[in-house]
Amino acid sequence: MTVRTRFAPSPTGYLHIGGVRTALFNWLFARSQGGQFILRIDDTDQQRNVEEALAPILHGLLWLGIDWDEGPDQPPSVKHSEGRKVGGPHMPYYQSQRTAKYQAAVDRLLEIGAAYRDYARSEEVQAEREAAEKAKLPIWRYSRAWAGDTAEKCRQLEAEGRTAVVRLKMPDSGVLVIDDLVRGQVEFDWAREQDHVIQRADGSFIYHLANVVDDEEFQISHVIRAEEHLSNTPRQIFMLEALGYKRPQYAHLPFVAEPGSHTKLSKRKLAKYLKQKDFANLVNHANHIAEALGMATTLDAFNPVVTDFYEQVGYLPEALVNYLCLLGWSLDDHTDHLTIDQMIRHFTLERVNKSAASFDPGKLFAFEERHMRELPIDRKVELALPFAVRAGLLKKPFSEVSAADRRRVGQVLAAAGDRIRTAGDIVDYTDFFVTAAELPYDEKALEKVKKKADAILLLAKFAPMLESLDSEELTAAITDALVHQFVEAEQCKIGDLILALRFALTGKGVGFGLFEAMEILGKTESIVRIERLLKAVSAE
RNA sequence: GGCCCGAUCGUCUAGAGGCCUAGGACACGGGCCUUUCACGCCCGCGACACGGGUUCGACUCCCGUUCGGGUCACCA
């Protein structure tokens with residue numbers, strides 16, 4: 001049997017972290033089994049602008065490397081996709097365009113007596129429900145009092161100005177056993193299931209009906225979805241069996257929970273999450289970068305529960321995927337770093353956890369740091385360059401970036417090393433892209449340097465020594481030797497000289513290796529910067 | 001409230017009856033390295049929700065309790 005899985009997003013305008021995890025598990029399972037992963041758009045209840053609301057979702061999936069074998073075309077906005085046509089043998093993949101199939105299924109259900117037309121007004125059903133609740137009835141079911149069982153009754157009810165919905169005629173006894181691949185055997189009493197509506201009075205279809213028809217049509221072998229659908233499964237199985245479809249294998253995933261709780265993660269509760277340190281740190285870091293890029297950082301538009309957030313700050317998609325993959329699944333007792341290939345090779349539904357897992361932004365960040373650390377410098381440059389351009393470091397548009405710019409960014413990235421945790425972190429190194437006159441001084445660091453009068457003195461003595469060097473190019477080895485030689489001759493503390501030098505050259509009190517900084521700036525620029533500081537200090 | 005599901009360090013998890021005085025990772029605390037910061041390395045802190053069974057033996061199996069969650073729409 002060919003494994004076919006699917007992810008069925010609703011066009012909401014954004015890709016939720018929990019949704020990605022579901023998509024990822026579907027994708028990993030399909031890939032691990034040599035099967036297909038299908039993307040279907042659940043827009044049965046959508047008003048307009050489906051394309052617009054869908055674009056960020058498709059974009060996010062592709063950014064993460066979750067591609068689909070069948071489904072909607074890829075949006076042109078995504079890098080490398082160039083609007084690739086996808087399609088597939090079961091087109092269209094939008095539920096709003098598949099209504100004829102749903103109508104046929106409803107008609108069939110009606111015909112075989114598995115469903116009926118119901119003319120009740122929602123208030124009437126609601127009243128029955130409330131009465132039953134008041135009476136504390138253990139099991140309540142709609143009386144079917146307004147069911148149109150005969151053509152004559154239908155006519156009569158219609159004459160009253162009523163319109164019909166189609167309801168499922170659920171069995172009133174027996175037990176349904178579902179063999180869930182992650183939860184094991186789960187049982188439901190048919191008698192407790194309601195006569196759910198499957199077609200609305202306006203003729204549109206309810207998700208469950210569409211879902212069942214499409215899963216059959218698309219030959220979905222494994223329905224891997226979030227846990228909240230478990231309770232919906234009986235009605236779906238009822239329909240699918242009435243229709244004579246083959247039951248797919250089910251795997252209900254635990255949902256992704258809020259940090260520190262087992263409640264489902266929600267985009268709207270960001271303000272609450274922000275009270276936690278890890279979460280606040282993650283957002284502060286991102287905000288800092290966004291600010292340098294001139295982006296709006298409102299909670300709604302820039303939200304870490306949505307994948308878009310991570311892309312905008314320059315996270316590595318593989319880091320996010322690695323983290324999400326381990327949220328509810330594990331390979332063994334020690335593997336935490338996996339490449340996509342390894343995930344595909346080892347993923348199994350058997351090892352999916354049963355309980356909800358909290359989203360931990362601190363841990364996600366740790367994965368990001370680790371993946372970034374292991375990235376070759378060339379790739380880092382490619383990733384950081386757009387950020388450098390957008391933050392104005394290079395003072396030119398992307399199309400005019402030269403080999404020299406690229407080299408400079410590469411040098412800074414190499415020197416910064418582990419300090420670059422997301423591609424956006426390049427914005428912290430403006431000091432290597434401005435002239436000496438423009439170099440901003442960190443206030444606190446400046447105060448500290450001023451207090452060290454002898455350090456300033458050392459700086460004044462060091463400048464001529466630097467000047468006397470033959471070559472303009474300063475390698476870290478040369479400056480290292482020079483500084484040590486100077487310290488020896490002056491009998492001073494190396495820390496004092498380095499503190500003053502770092503400040504003069506970068507305007508900061510902390511940063512990466514001083515010798516690397518000098519190498520990037522070169523002899524002339526270094527001297528100009530030292531002189532600027534000396535002048536600034538003596539002017540006071 | 002009914003039904004369904006879940007429960008190991010703060011968090012993600014390993015654990016399919018003896019390998020467990022419960023292992024790994026993130027976070028946290030301390031130390032080492034070091035020109036600052038970061039990385040790295042070492043050490044530490046820290047959990048089987050509770051109560052009954054079953055068994056020679058239970059984190060593992062069963063029952064109950066508690067707690068947490070999901071679901072009960074003409075939403076998906």
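Scope of the values below: all heavy atoms of this structure, side chains included, with no hydrogens, waters or symmetry mates. Reminder, nothing fancy here: chain letters follow the sequence lines and each chain counts from 1.
- Using a 4.5 Å heavy-atom cutoff, the side chains of Ser204(A) and Thr44(A) are not in contact.
- In this structure, the NE2 atom of His346(A) is 16 Å from the C1' atom of A14(B), given to the nearest Å.
- What separates CZ of Arg6(A) from C1' of A76(B) is a distance of 11 Å, to the nearest Å.
- Of the inter-residue distances, the one linking Glu128(A) atom CD with Gln126(A) atom CD reads 10.5 Å to the nearest 0.5 angstrom.
- Rounding to whole angstrom units, NZ of residue Lys264(A) and C1' of C5(B) are separated by 14 Å.
- Side-chain atoms of His371(A) and Asn322(A), non-hydrogen and from C-beta on, do get closer than 4.5 Å to each other.
- Look at the C1' atom in both A73(B) and C26(B): the space between them is 41 Å, to the nearest Å.
- The P atoms of U11(B) and C48(B) are separated by 12 Å, rounded to the nearest whole Å.
- Between the C1' atoms of U54(B) and G29(B), the separation comes to 43 Å (whole Å).
- Side-chain polar atoms of Arg21(A) and Asn26(A) form no donor-acceptor pair below 3.5 angstrom.
- Ranked by how close their nearest RNA chain B nucleotide is to the 5' end, Gln199(A) and Gly509(A) are led by Gly509(A).
- Distance check on atom C1': U34(B) versus G40(B) gives 11 Å, rounded to whole Å.
- Between G57(B) and G17(B), the two C1' atoms lie 8 Å apart (nearest whole Å).
- Place Ile494(A) and Arg183(A) on RNA chain B by their nearest nucleotides, and Arg183(A) ends up nearer the 5' end.
- Nucleotides U60(B) and A7(B), compared at atom P, are 11 Å apart to the nearest Å.
- The separation of U71(B) from G30(B), taken at their P atoms, amounts to 43 Å, rounded to a whole angstrom.
- No N or O donor and acceptor, one from the side chain of Lys363(A) and one from the base of A27(B), sit under 3.5 Å apart.
- Comparing C5(B) with G46(B), their P atoms sit 36 Å apart, to the nearest whole Å.
- Residue-nucleotide stacking is not present for His262(A) and A7(B), judged by a side-chain ring centre under 5.5 Å from the six-membered base ring centre and planes under 30° apart.
- Put simply, the side chain of Arg419(A) and the base of C37(B) share a donor and an acceptor less than 3.5 Å apart.
- Salt-bridge formation is not detected for the pair Lys452(A)/Asp454(A): no Lys NZ or Arg NE/NH1/NH2 atom is positioned less than 4.0 Å from an Asp or Glu carboxylate oxygen.
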